[in-house]
Amino acid sequence: MIKIYNYTDANSEIFKKPVDTASVAETVSEIIANVKANGDKALKEYSLKFDKTEISDFRVSDEEIEEAYASVEPEFVRILNEAAENIWDFHKHQLRNSFVISEKDGIVCGQKIIPFAKVGLYVPGGTAAYPSTVLMDAVPAKLAGCGEIVMVTPPSKDGGINKYILAAAKIAGIDKIYKVGGAQAVAALAYGTESIPRVDKIVGPGNAFVAEAKRQVYGEVAIDMIAGPSDILVVADGKSNPKFVAADLLSQAEHDRMASAVLVTDSEELANAVQAEIEVQLAKLPREEIARASIEKNGKIIVTKNISEAIEVANIVAPEHIELCLDNPFDVLDKVKNAGSIFMGRYCPEALGDYLSGANHTLPTNGSARFSSPLSVDDFVKKSQFTYYTKEAFEKVYGDVAYFAEKEGLQAHAKSALIRFKEI
């Protein structure tokens, strides 16, 4: 059963984060080294070991994609297209423009926005398939203008890929798809193999092995973030429907045993009602075992004096998802400082953001919303700056440049400025 705490209690349990005690760093390091040294040979070994399937060709053919797309229910194809359109419409407002500054005579400075040439998308498989993640990761990359979008995802035991994932990939316009998952897929994207191209950046969530692999290859390639187990925090007042709140908490608990679901409320009555309702709904969930483990290990209900104090708690937790189940959520929106994605009102469950609203669902987890942001178009571009001075413009400031350099003890820097106008 989910535990209830009072915020005024000096109880360290309130803010304790879920910790996965399994040490994966050494295993991941060995996998990366093997893939780096042996390429496709290592990938085939890991496919047999982890996915229980023999893969002769990692590339998903156009025929496989078309066949999968044709087999998907037309109603789901419609929804996938609607979701993709909403994601495009939301993310197009994130597009940045290059700029040029030329107000001073003889001086031109500016910044160029440059899309990545190659990006790699990791799409989880295993206990659940996520066509939504395909759209969330690929559409902003496409909008940014990336040259090539490569996707990796684990194969099933028969060597195939989930048809819904392939349908989403076709709709999103992904260029190449490969049947490989886990840390070995991240290594393949980072270093390249005979089959899989090396990319400039890897994005997308995965299990602990995928997250650790991204951590270890960072610097060889760019990554979006180190994603941990999913989490949600619901701020709800006494007028909230306990059935709604319980359902929203369980929507994250069913992801993973390490997922975290937290309710913060100013109503003790609601706290008790949600606690009871979670038990009722848990018993009916197909993924009850996973959700129950999450609720009992990491779930919390925190009772505060008022909603302002509830927002204070939320900012300390810095949740991946926060729901504001209030009549006037815009009244407190500016007070929410640390959150990945904010869902407002009594009819805006987090699941809406997972699938259809258009806002991205690849989000900072485990409190990293204090310093990280949702996946966006910005993740698929880099910036270069440029500077131009005429001889006359530089002549006015070369002495200042040299003087500054000398103060830092860098005589060669100073000389590079002075030599243009003085005999040295």
Side-chain angles (χ1 to χ4, degrees), residues 20-65 67-69 71-72 120-134 137 150-169 174 176-197 202 204-214 216-217 227 229-230 254-259 286-291 293:
D20 190 346
T21 56
S23 177
V24 300
E26 188 176 342
T27 300
V28 167
S29 181
E30 291 172 0
I31 290 171
I32 291 172
N34 191 8
V35 173
K36 188 177 178 181
N38 298 302
D40 283 355
K41 180 174 179 288
L43 294 183
K44 288 176 181 179
E45 290 170 0
Y46 290 128
S47 291
L48 194 58
K49 180 178 180 180
F50 298 128
D51 302 316
K52 311 300 180 190
T53 186
E54 287 191 42
I55 302 291
S56 57
D57 185 359
F58 291 101
R59 177 80 182 269
V60 178
S61 68
D62 291 342
E63 290 76 19
E64 287 176 274
I65 296 170
E67 184 180 336
Y69 184 81
S71 70
V72 172
L121 314 182
Y122 187 93
V123 177
T127 59
Y130 298 107
S132 57
T133 296
V134 177
D137 291 354
V150 176
M151 186 179 96
V152 293
T153 191
S156 59
K157 289 181 181 179
D158 65 2
I161 300 296
N162 179 278
K163 66 180 182 180
Y164 300 117
I165 285 179
L166 293 181
I174 288 172
K176 294 176 182 176
I177 306 170
Y178 296 94
K179 306 171 184 178
V180 59
Q184 62 271 26
V186 174
L189 291 173
Y191 297 102
T193 72
E194 297 89 336
S195 297
I196 300 174
I202 302 170
N207 63 18
F209 291 88
V210 170
E212 179 60 27
K214 286 170 70 178
Q216 291 191 24
V217 301
S230 189
E254 74 170 349
H255 266 300
D256 189 309
R257 288 173 172 81
M258 294 302 298
R287 292 168 69 89
E288 179 189 358
E289 185 182 348
I290 292 171

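Numbering of residues begins at 1 and proceeds along the displayed sequence. We use all heavy atoms of the structure for the numbers below, so side chains are in, but hydrogens, waters and symmetry mates are not.
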Could you tell me the separation between the [atom1] atom of [X] and the [atom2] atom of [Y], rounded to the nearest 0.5 Å?
X	Y	atom1	atom2	answer
Ile165	Met151	CD1	CE	6.0 Å
Thr193	Phe58	OG1	CZ	7.0 Å
Asp51	Lys157	CG	NZ	10.0 Å
Glu64	Leu166	CD	CG	7.5 Å
Ile202	Asp137	CD1	CG	12.0 Å
Lys44	Gln184	NZ	CD	14.5 Å

Report task. State whether Glu289 and Arg257 are salt-bridged, where the test is any N-O pair (Lys NZ or Arg NE/NH1/NH2 against Asp/Glu carboxylate O) under 4.0 Å. Result ->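 Here Glu289 pairs with Arg257 in a salt bridge, since their nearest N and O are under 4.0 Å apart.
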So which atom in [X] and which in [Y] form the shortest heavy-atom distance, rounded to 0.1 Å?
X	Y	answer
Ala188	Val35	N-CG1, 3.8 Å
Pro124	Thr133	CD-CG2, 4.3 Å
Val123	Pro154	O-CD, 3.4 Å
Gln216	Ser29	OE1-CA, 3.3 Å
Glu254	Ile290	O-CG2, 3.5 Å
Ala169	Ile177	CB-CD1, 3.6 Å

Query raised in the report: What residue among Ile55, Leu48, Asn38, Ile196 forms side-chain contact (heavy atoms from CB on, under 4.5 Å) with Leu43?
Result: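 So, applying the side-chain contact (heavy atoms from CB on, under 4.5 Å) to Leu43 and each of Ile55, Leu48, Asn38, Ile196, only Ile196 qualifies.
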Query raised in the report: After noting the C-alpha distance and the side-chain angles of Tyr191 and Val217, does the key distance pass the side-chain contact (heavy atoms from CB on, under 4.5 Å) rule?
Result: CA-CA 9 Å; Tyr191 297 102; Val217 301; 4.1 Å; yes
I want to check something: taking the side chain as every heavy atom from C-beta on, are [X] and [Y] in contact at a cut-off of under 4.5 Å?
X	Y	result
Asp256	Ser230	no
Pro197	Tyr178	yes
Glu45	Asn34	yes

Report task. Establish, from distance only, whether the side-chain atoms of Asp158 and Ser156 form a donor-acceptor pair under 3.5 Å. Result ->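 Yes.
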Query - Under 3.5 Å: donor-acceptor pair, side chain of Asp40, backbone of Ser195 - result: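 Yes.
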Query raised in the report: Under 3.5 Å, side chain of Tyr122 to main-chain N/O of Gly182, donor-acceptor pair present?
Result: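 Looks like yes, one N/O pair under 3.5 Å.
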Report task. Using a cut-off of 6.0 Å, state whether more than 12 heavy atoms not belonging to Glu194 lie near its atom CD. Result ->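 Counting other residues, nucleotides and ligands, CD of Glu194 exceeds 12 neighbours.
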Query raised in the report: Would Val134 and Leu121 satisfy side-chain contact (heavy atoms from CB on, under 4.5 Å), going step by step from the backbone distance to the final call?
Result: CA-CA 8 Å; Val134 177; Leu121 314 182; 5.8 Å; no
